[in-house]
Amino acid sequence: MYGWIWRHLPGNAWVKALLSLLLVLVVVYVLFQYVFPWAEPLLPFNDVTVDGQ
Amino acid sequence: MSVRAVVRTFSELCITVGTLIVLFVVYVLFWTGVKADRAMDSQIDQLQDQWARGSVAARTDEGPTNASPPKPAPYRDGKPFAVMYVPRFGFTWNKPVLQGTATGTLKKGLGHYARTAQLGQQGNFAVAGHRRTYGDPFKDFPELRPGDAVVLTDGTTWFTYRIDKKPYRTLPADTGVIDPVPRASGYREPGRYLTLTTCDPEWGHSHRLIAWAHLDATQPVEQGKPAALRR
């Protein structure tokens with residue numbers, strides 16, 4: 001999977017490395033901004049009230 | 001597909017899942033705290049702006065300790081209306097109190113149960129807060145002891161409540177704990193009470209921890225901070 005991505009990135013090794021780093025940053029950003037905020041309420045840390053919500 | 005490719009893809013998947021889990025833990029333990037601290041600071045700033053603009057009516061009465069403070073305007077849902085100080089949680093511990101206990105509200109501060117009394121009024125002023133994540137506001141909840149002060153201000157008055165019992169552990173469905181006179185609290189007569197709720201165990205949601213306090217003293221903000229907040 002990662003080998004496949006590496007092979008399909010353009011440029012020489014340096015460009016590839018830079019692009020990979022950018023890809024990783026984009027993935028982390030999407031995770032922190034959208035995916036984790038969605039997943040977090042599924043965990044029990046939000047249940048602090050007694051009205052049975 | 002060769003065995004090699006299958007094994008390689010499988011290991012890559014395992015590494016990816018592992019990384020995801022680590023990132024998620026970082027998000028829950030660390031990033032929610034960063035976000036919440038920012039949100040809470042901005043809520044307190046909002047309040048202080050509001051108070052500085054003088055949208056709260058100035059008062060002159062300096063009645064006895066238990067004189068009823070004037071009835072505040074109805075709180076607006078999701079908006080901050082007070083700041084809470086609990087010296088037991090640390091001298092610099094202060095959090096905004098927002099109206100309502102919606103999930104989004106509790107990410108920005110402590111939440112006031114909408115159907116309970118207003119701050120300082122006759123009845124039970126009940127507030128919920130996160131034990132863990134989102135800045136861990138009530139992390140040290142079990143440390144509360146009888147006599148501990150819980151101080152709140154709404155911009156015109158300081159309200160000093162005193163804890164009466166060690167934190168009480170109950171089930172999530174036990175809504176009686178935020179009644180005007182909670183049965184398990186030991187209070188028998190109507191009064192001006194405060195209830196704090198959070199989750200228990202620390203990272204779980206099977207129980208709730210409850211702390212009760214009664215209104216001990218009030219003083220106008222012009223008289224400076226109450227004794228409980230002075231070092």
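Letters A, B, ... are given to chains in the order of the sequence lines, protein chains preceding strands, and every chain is numbered from 1. Heavy-atom basis, side chains included; hydrogens, waters and symmetry copies ignored.
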S.K.: If I compare all heavy atoms of B:Pro172 with all of B:Ser206, which pair ends up nearest, and what's the gap?
M.R.: CD-O, 3.1 Å

S.K.: Residue by residue, which of residues 134-146 of chain B have a heavy atom closer than 4.5 Å to a heavy atom belonging to chain A?
M.R.: B:Tyr134

S.K.: Please identify which of these residues, B:Tyr161, B:Tyr168, B:Phe125, meets the ring pair (Phe, Tyr, Trp, His ring centres under 6.0 Å) condition with B:Trp212.
M.R.: B:Tyr168

S.K.: Do the side-chain N and O atoms of B:Tyr113 and B:Thr195 include a donor-acceptor pair separated by under 3.5 angstrom?
M.R.: no

S.K.: To the nearest 0.5 angstrom, please state how far the CZ atom of B:Arg132 sits from the OG1 atom of B:Thr32.
M.R.: 10.5 Å

S.K.: Taking atom types as modelled and ignoring hydrogens, do the side chains of B:Asp164 and B:Tyr187 form a donor-acceptor contact shorter than 3.5 angstrom?
M.R.: yes

S.K.: What part of B:Trp31 gets closer than 4.5 Å to chain A, counting heavy atoms only: side chain, backbone, both or neither?
M.R.: side chain

S.K.: A side-chain contact here means heavy atoms from C-beta on lying under 4.5 Å apart; do B:Trp93 and B:Met84 qualify?
M.R.: yes

S.K.: Does B:Lys79, at its NZ atom, have more than 12 non-hydrogen atoms belonging to other residues, nucleotides or ligands within less than 6.0 Å?
M.R.: no

S.K.: Under a 4.5 Å cut-off applied to non-hydrogen side-chain atoms, are B:Asp174 and B:Ile210 in contact?
M.R.: no

S.K.: Give a yes or no on this: more than 12 heavy atoms of other residues, nucleotides or ligands lie within 6.0 Å of atom CZ of B:Phe10.
M.R.: no

S.K.: Side chain from CB out, backbone as N, CA, C, O: work out which of these in B:Leu23 comes under 4.5 Å of a heavy atom of chain A, or both, or neither.
M.R.: both

S.K.: How close do B:Arg162 and B:Ala228 get, counting heavy atoms only, and between which atoms?
M.R.: NH2-CB, 4.1 Å

S.K.: With a sphere of 6.0 Å drawn around OH of A:Tyr2, does it hold more than 12 non-hydrogen atoms of other residues, nucleotides or ligands?
M.R.: yes

S.K.: Between B:Ile15 and chain A, with a heavy-atom cut-off of 4.5 Å, which part of the residue counts as in contact: side chain, backbone, both or neither?
M.R.: neither

S.K.: Tell me, side chain or backbone of B:Thr16 under 4.5 Å from chain A's heavy atoms, or both, or neither?
M.R.: both

S.K.: Against chain A, label B:Thr133 side chain, backbone, both or neither, depending on which of its atoms sit under 4.5 Å from a heavy atom there.
M.R.: side chain

S.K.: Are more than 12 heavy atoms from other residues, nucleotides or ligands located less than 6.0 Å from atom CZ of B:Arg76?
M.R.: no

S.K.: Sort by residue number and list every member of residues 17-36 of chain A having a non-hydrogen atom under 4.5 Å from chain B.
M.R.: A:Val28, A:Leu31, A:Phe32, A:Phe36

